[in-house]
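To keep things clear, I will list the structure first and then write my remarks on it.
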Amino acid sequence: AQKVTQAQTEISVVEKEDVTLDCVYETRDTTYYLFWYKQPPSGELVFLIRRNSFDEQNEISGRYSWNFQKSTSSFNFTITASQVVDSAVYFCALSILTGGGNKLTFGTGTQLKVEL
Amino acid sequence: DAMVIQNPRYQVTQFGKPVTLSCSQTLNHNVMYWYQQKSSQAPKLLFHYYDKDFNNEADTPDNFQSRRPNTSFCFLDIRSPGLGDAAMYLCATSRVGTGGGEQYFGPGTRLTVT
């Protein structure tokens with residue numbers, strides 16, 4: 001069975017601070033994918049990034065960066081110079097192939113509040 | 001813009017009264033999913049369609065059914081809603097599964113049961 005743990009329930013930062021959201025996963029599959037989604041108050045889940053289990057390269061996209069480490073089963077997400085618009089719930093998720101689709105197992109989410 | 005559309009955005013139904021939630025997509029994706037998300041919880045997969053093949057999650061209650069009449073549309077039927085079924089229902093799509101296709105989510109339908 002797959003499991004994703006986001007130990008941080010809620011984080012509050014002041015604008016322009018850097019913040020890291022932690023994600024730890026468990027799976028016995030050797031082929032899997034990891035995702036981060038953002039859920040603003042409007043409710044829609046917005047895709048941010050995907051990583052496959054064979055690619056441990058870190059990635060940077062603007063103010064966002066991701067650190068994938070198989071040795072510790074972690075896929076952490078850092079926002080540099082946070083902004084109020086970054087306030088949302090962030091979900092880490094793990095995907096394996098099942099029944100022709102991709103079964104996403106989500107973590108419980110981290111509520112990020114960025115204040116002025 | 002290609003997208004996933006859910007109607008209605010808000011739905012109120014009475015205890016025990018059947019309700020249907022609708023999802024449509026213009027992405028032409030093979031796979032469509034339904035998730036249930038209760039307040040302050042993670043989305044939980046109910047079932048998905050790979051083309052016309054229906055895949056039910058083992059712990060999805062029988063009260064929840066789904067139909068996919070064509071590639072573009074998928075419906076979630078709740079036969080006898082209980083108070084515990086009040087939640088946000090999210091529809092998502094992806095390309096044929098390789099495990100790595102990202103899922104595109106609709107805005108959700110918030111269901112209230114009175």
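These numbers come from a predicted model, not from an experiment. By convention in this document, chain letters (A, B, ...) are assigned in the order of the sequence lines, proteins followed by strands, and residues within each chain are numbered from 1.
Neither the backbone nor the side chain of A:Q111 comes within less than 4.5 Å of any heavy atom of chain B. For chain A, no part of B:Q6 is nearby; none of its heavy atoms comes within less than 4.5 Å. Heavy-atom distances place the backbone of B:Q41, and not its side chain, under 4.5 Å from chain A. Residue B:Y35 touches chain A through its side chain alone, counting heavy-atom pairs closer than 4.5 Å.
Residue A:F91 comes nearest to B:A42 through the heavy atom pair CE2-CA, 3.7 Å, listed as atom of the first residue, atom of the second, then distance.
Each of A:V24 and A:I49 belongs to its own hydrophobic cluster when Ile, Leu, Val, Met, Phe, Trp and Tyr are linked at side-chain heavy-atom distances under 4.5 angstrom. Hydrophobic clustering (ILVMFWY, side-chain heavy atoms < 4.5 Å, transitive): B:V19 and B:F75 are in distinct clusters. Each of A:V46 and A:Y64 belongs to its own hydrophobic cluster when Ile, Leu, Val, Met, Phe, Trp and Tyr are linked at side-chain heavy-atom distances under 4.5 angstrom. A continuous path of Ile, Leu, Val, Met, Phe, Trp and Tyr side chains, each step under 4.5 Å between heavy atoms, connects A:L48 with A:L94, placing both in one hydrophobic cluster. If you chain together hydrophobic residues whose side chains sit under 4.5 Å apart, A:V4 and A:I11 fall into the same group.
Open room surrounds CD on A:Q57; 12 or fewer heavy atoms of other groups in view lie less than 6.0 Å from it. Heavy atoms of other residues, nucleotides or ligands lying less than 6.0 angstrom from CG of B:D62 number 12 at most. Heavy-atom neighbours of B:K17 NZ from other residues, nucleotides or ligands within 6.0 Å: at or below the threshold of 12. Atom OH of B:Y10 has 12 or fewer neighbouring heavy atoms from other residues, nucleotides or ligands inside a 6.0 Å radius.
The side-chain heavy atoms of A:K103 and B:H48, taken from C-beta on, include no pair separated by under 4.5 Å. Annotation: side chain of B:E102 is in contact with side chain of A:F35 (closest heavy-atom distance under 4.5 Å).
For the set A:N52, A:L104, A:T108, A:T105, the count of heavy-atom pairs under 4.5 angstrom toward chain B peaks at A:L104. Per-residue counts of heavy-atom pairs under 4.5 Å with chain A were compared for B:K44, B:R110, B:Q37, B:M88; the largest is that of B:Q37. Of the listed residues B:A92, B:P43, B:G106, B:G108, the one with more heavy-atom pairs under 4.5 angstrom with chain A than any other is B:P43.
Scored by the salt bridge (Lys or Arg N to Asp or Glu O under 4.0 Å) test, B:R68 finds no partners at all (sequence neighbours excluded).
Proximity to chain B among residues 73-84 of chain A is not found for any residue, judged by heavy-atom separations below 4.5 angstrom.
To the nearest 0.5 angstrom, A:E44 atom CD is 7.5 Å from B:R9 atom CZ. Rounding to the nearest 0.5 Å places CD of B:Q103 at 9.5 Å from CG of A:L45.
A centroid separation of 6.0 Å or more is found between the aromatic rings of A:F47 and B:F105.
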